[in-house]
There are 2 protein chains.
Amino acid sequence: MSQLRWLDDEEQRTWRTFLMAVHLLDAALDRQLRHDSGMPHAYYQILVMLSEAPGRELTMTRLARLLRSSPSRLSHAAARLEAEGMIRRFKRPGDRRTTLVEITDQGMKTLREAAAGHVREVRRLVFDVLTREQVEQLHGISESMLGALDPQGEEPRYVDPEGTGNQS
Amino acid sequence: MSQLRWLDDEEQRTWRTFLMAVHLLDAALDRQLRHDSGMPHAYYQILVMLSEAPGRELTMTRLARLLRSSPSRLSHAAARLEAEGMIRRFKRPGDRRTTLVEITDQGMKTLREAAAGHVREVRRLVFDVLTREQVEQLHGISESMLGALDPQGEEPRYVDPEGTGNQS
DNA sequence: CCGGCACGGTTGAGCGCCCAACTATTGCGG
DNA sequence: CCGCAATAGTTGGGCGCTCAACCGTGCCGG
C-alpha cells in the first residue's frame, strides 16, 4: 500500500523531454554507426571494452558484466562479431569452462575507423550543445541514477585505464 | 577535413556514465512494463499520447510525428495494440486516405492500471535520487540536446494539455 | 570420492524496430 | 481535366534483444 505520488509539472516536463532526447540520441548514434561502419552501437561498445582490456582480451562473463549485458546478448553478439573477424574466441588450456575473447587486429582497425565518425556525432549531438557546467551536472545526475539502477555496482564500469585508446 | 576533437577526460567520464545510466534505465522501464502490464515502453507511450489527445483520437501520421516514430514502427505497433483491443483504427467518411486511431475504454483502463507501477518505477530510479536542482538541470540539458537532435522541432512533443491524465 | 549445485556459456523462439518497397489517395500546376 | 508528385499508410525481410531452457565443467560438503 505504498503511497503513490504522481509527477508534478516540472518533473513531468523534465521526464518527457529527457525521454525524447534519449530516444532520439540513441537512434541517431545507432544509425550513424550502422550506416558508416555497419555496426550497431552495442557492438561498437564491445569492441571499445576489448580494445582497452589488458592484452586486449577478457572472458565472456567479465565482458558481459562490464557492459551490464546479459550473457545471452553478449553470446549472440560475439557470434556475429567473430564471424566478421572483429574478435576471436578461444579456450585457455587447463580451463575448459571459461571462454576468452580477444579483439583482432582487424577489429582494432575497424574500431579506429569507426571512432572518428562516432565521436564527431557524439560531439555534435551532446557536447557541442552543452556548457562545461552542464557536462558536470550531467555527470552528477548520471552517477545518481546509477546508484539506483546499478545497486550491485561493485562491478566496475570499465577496465582500469592503461591503454592509450579514446574512442568514446 | 573538419578538425576532429576527441573527448577530454571529464567528457569521457560523463559520456560513459550517462550511456550506462540510460541503458540501464531503458532496460528497467521496459522490463517493469512488460512484466507488470505485458506492454513495451514504446507501446505505453502510444497509449499515453492518445489518452491526452482531444477526443482521444489522432491520425496515424500525427501520432507518429508526436512520438518521433517512423510511420512503419507505429503501423506495426498499432496492429498489435488493435489486436489486443487497446486501440481502434477507422477511416473518417469523406477521407479515404487518413486513418484515425482512437484509444478504447479498455485501453484507458489498461493504461491507468499500468501507470501506477510505471510512475513508481520512474520515481524510484530517477526523481527520488535527484535533487530539485538536478531535475531542473536535467530539463535544461535535455532541451539543449533536443535542439541538436530534433532540428525540425517545429513539431510539438505532446498535444496541448487539456486532459486530466498524468501517467508519465 | 561422489552427488549435487553453482558457474560459464550457448541456443532458439518470440518480438519490436529499421529500412526499403509498395499501394492507394489526394492535390496541384499547366 | 489530366498527369505527376506529395501524402498516408502498410508490408515483409533482416536483425538485435529478451527470456527460458539447456549443456558441460568445476567445486564443495558429507
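Residue numbering restarts at 1 for every chain, and letters A, B, ... go by the order of the sequence lines. All values derive from a computational prediction rather than experimental measurement.
A cation-pi arrangement is not found for B:Arg16 relative to B:Phe18, the charged atom failing to lie both closer than 6.0 Å to the ring centre and inside a 45° cone about the ring normal.
Among D:dT18, C:dT10, D:dT25, the nucleotide with an atom closest to any side-chain atom of A:Ser75 is C:dT10. When distances are taken from the side chain of B:Arg73 to each of C:dG12, C:dC18, C:dG8, the shortest belongs to C:dC18. Listed nucleotides: D:dG9, D:dG12, C:dG9. Nearest to the side chain of B:His76: D:dG12. The side chain of A:Thr61 sits closest to C:dG9 out of D:dG16, C:dG9, D:dA8. Side chain of A:Arg97, nearest nucleotide from C:dA24, D:dT25, D:dG9: D:dT25.
In this model, a side-chain donor or acceptor of B:Ser72 finds a partner on the base of D:dT11 within 3.5 Å.
Every pair passing side-chain hydrogen bond (donor to acceptor under 3.5 Å, both in side chains) that includes a residue from residues 69-79 of chain A is listed here, sequence neighbours excluded: A:Arg73-B:His23.
A:Thr99 comes within contact range of the sugar-phosphate backbone alone, with a heavy-atom separation under 4.0 Å but no base atom that close. Nucleic acid contact class of B:Ala64 (heavy atoms, under 4.0 Å, all strands): none. A:Thr98 comes within contact range of the sugar-phosphate backbone alone, with a heavy-atom separation under 4.0 Å but no base atom that close. Counting non-hydrogen atoms under 4.0 angstrom, B:Asp30 reaches nothing in the nucleic acid. At the heavy-atom level, B:Ala79 lies nowhere under 4.0 Å from the strands shown.
Side-chain contact between B:Arg56 and B:Met108 is present, with heavy atoms from C-beta onward closer than 4.5 Å.
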